[in-house]
Number of protein chains: 2
Amino acid sequence: MPGSMNISAASKAAGLPAKTVRYYADIGLVPAPARSQAGYRNYDDASVRKLVFVRRAREFGFSISECRELLGLYQDRRRSSADVKRIATLRLKKIAKKQHELQSLHDELAHLVDACRGDDRPDCPIINGLGGPGDRPCSPS
Amino acid sequence: MPGSMNISAASKAAGLPAKTVRYYADIGLVPAPARSQAGYRNYDDASVRKLVFVRRAREFGFSISECRELLGLYQDRRRSSADVKRIATLRLKKIAKKQHELQSLHDELAHLVDACRGDDRPDCPIINGLGGPGDRPCSPS
DNA sequence: CTAATCTTTCCTGTGACAGGAAGGTCAAGT
DNA sequence: ACTTGACCTTCCTGTCACAGGAAAGATTAG
């Protein structure tokens, strides 16, 4: 039989914690593995390849449900690569959006940090910029 | 009394959902507000300012515990602005690190998307690049 | 007085696992 | 054969920062 492993061997081969390997089967992301007479999970090479696939997809920022979708494509090679490209492009756009958000965040905070003397005096532009006492939102009359 | 509001007024003034306003008091991030005879929470302007402070800090990516720390500085103006600068600089570094991670992620995925024809043929570089059948990790002999 | 709109507390769910307890199993050494 | 230690199983709880909703009481407008 092509590599029948217990869960720790499979988890090492897949590069995932055993907990995560069990979890992925629990939520039905990957099919539940066969069991030994004593109830131990038996993983074969094909299962491990699926786990590796999921690990890499997760590293790419795909959510579990996106992984589910990708696994469907991965298993059904008759599907067009256009589907895969669509999903990956969507993910790419999300990444780019997140990058822009992080950029403006970074710039604004860097501006505050630059303006901060960083000495022992209590007046701090960072605190003020975050909405401190000098920046009351609205208290007329 | 300077603006005694119920929770919905305070939440509007602070720009936070009422649920979140309650939550912040529950976890002790902000002090628990006074109550009316019927048990309604009463917020004053100072409380609202603290909530605004927290909201802005959260928007800057500070975690709740970092907000806790910052609130301590915000309330104790005797503390040096160096402390604030240190915390903000740390956060700035984390943001920059995340940016780099996102960048390499983006580049790698974009490379795969570029290589993908996006047609109806089943051979997809994205799937392969994610560890598909053509990319077996290790199965010698 | 009634009806609508507050407010309260409490419980559950989210995403993607991690940590740990209680108990069964396996392989090696003595 | 027995013990030891490492492994496996299930199940429960905790994480983070809330969101959703149920059930019940309070307030306000008409």
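Every chain is numbered from 1 and lettered A, B, ... according to where its sequence line falls, protein lines coming before strand lines.
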Could you give the [atom1]-to-[atom2] distance, from [X] to [N], as a whole number of Å?
X     : N      : atom1 : atom2 : result
A:I64 : C:dG13 : CD1   : C1'   : 17 Å
A:Y23 : C:dA18 : OH    : P     : 10 Å
B:M5  : C:dT7  : CE    : C1'   : 17 Å
A:F62 : C:dG15 : CZ    : C1'   : 17 Å
B:R22 : D:dA17 : CZ    : C1'   : 16 Å
B:N42 : D:dA26 : CG    : P     : 15 Å
B:I7  : D:dC18 : CD1   : C1'   : 14 Å

Go through [options] for me and flag the one nearest to the [X] side chain.
X     : options                : value
A:A38 : C:dT25, D:dC8, D:dT27  : C:dT25
B:K19 : C:dC17, D:dG21, C:dT25 : D:dG21
A:Y40 : D:dC7, C:dC17, C:dT7   : D:dC7

Q: Using the test salt bridge (charged side-chain N to carboxylate O under 4.0 Å, His left out), find all partners of A:K12 that sit at least two apart in sequence or belong to another chain.
A: none

Q.
Suppose we screen for salt bridge (charged side-chain N to carboxylate O under 4.0 Å, His left out). Which residues come up paired with A:R58, at least two apart in sequence or across chains?
A.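 By the salt bridge (charged side-chain N to carboxylate O under 4.0 Å, His left out) rule, A:R58 matches no residue at all.
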
Q | Pair listing, salt bridge (Lys or Arg N to Asp or Glu O under 4.0 Å) test, anchored in residues 14-38 of chain B, at least two apart | A | none

Q: Answer whether the closest heavy-atom distance between the side chains of B:V48 and B:V52 falls below 4.5 Å.
A: yes

Q) What residues in residues 24-37 of chain A put a non-hydrogen atom under 4.0 Å from any atom of DNA chain D? A) A:R35

Residues that [X] engages under side-chain contact (heavy atoms from CB on, under 4.5 Å), provided they are two or more places apart:
X      : value
B:S8   : B:N6
B:A34  : none
B:D107 : B:Q103
B:L29  : B:Y24, B:I27, B:V54, B:I64, B:C67, B:R68, B:L71

Short side-chain N/O contact from [X] to OP1 or OP2 of [N], under 4.0 Å:
X     : N      : result
B:R58 : D:dC18 : yes
B:R41 : C:dT7  : no
B:S63 : D:dC16 : no
A:T20 : C:dA16 : no

Please produce a list of atom pairs where a protein N or O lies less than 3.5 Å from an N or O of nucleotides 2-4 of chain C.
none

Q. Judged by atom type as modelled, is there a donor-acceptor pair below 3.5 Å linking the side chain of A:T20 to the main-chain atoms of A:L16?
A. no

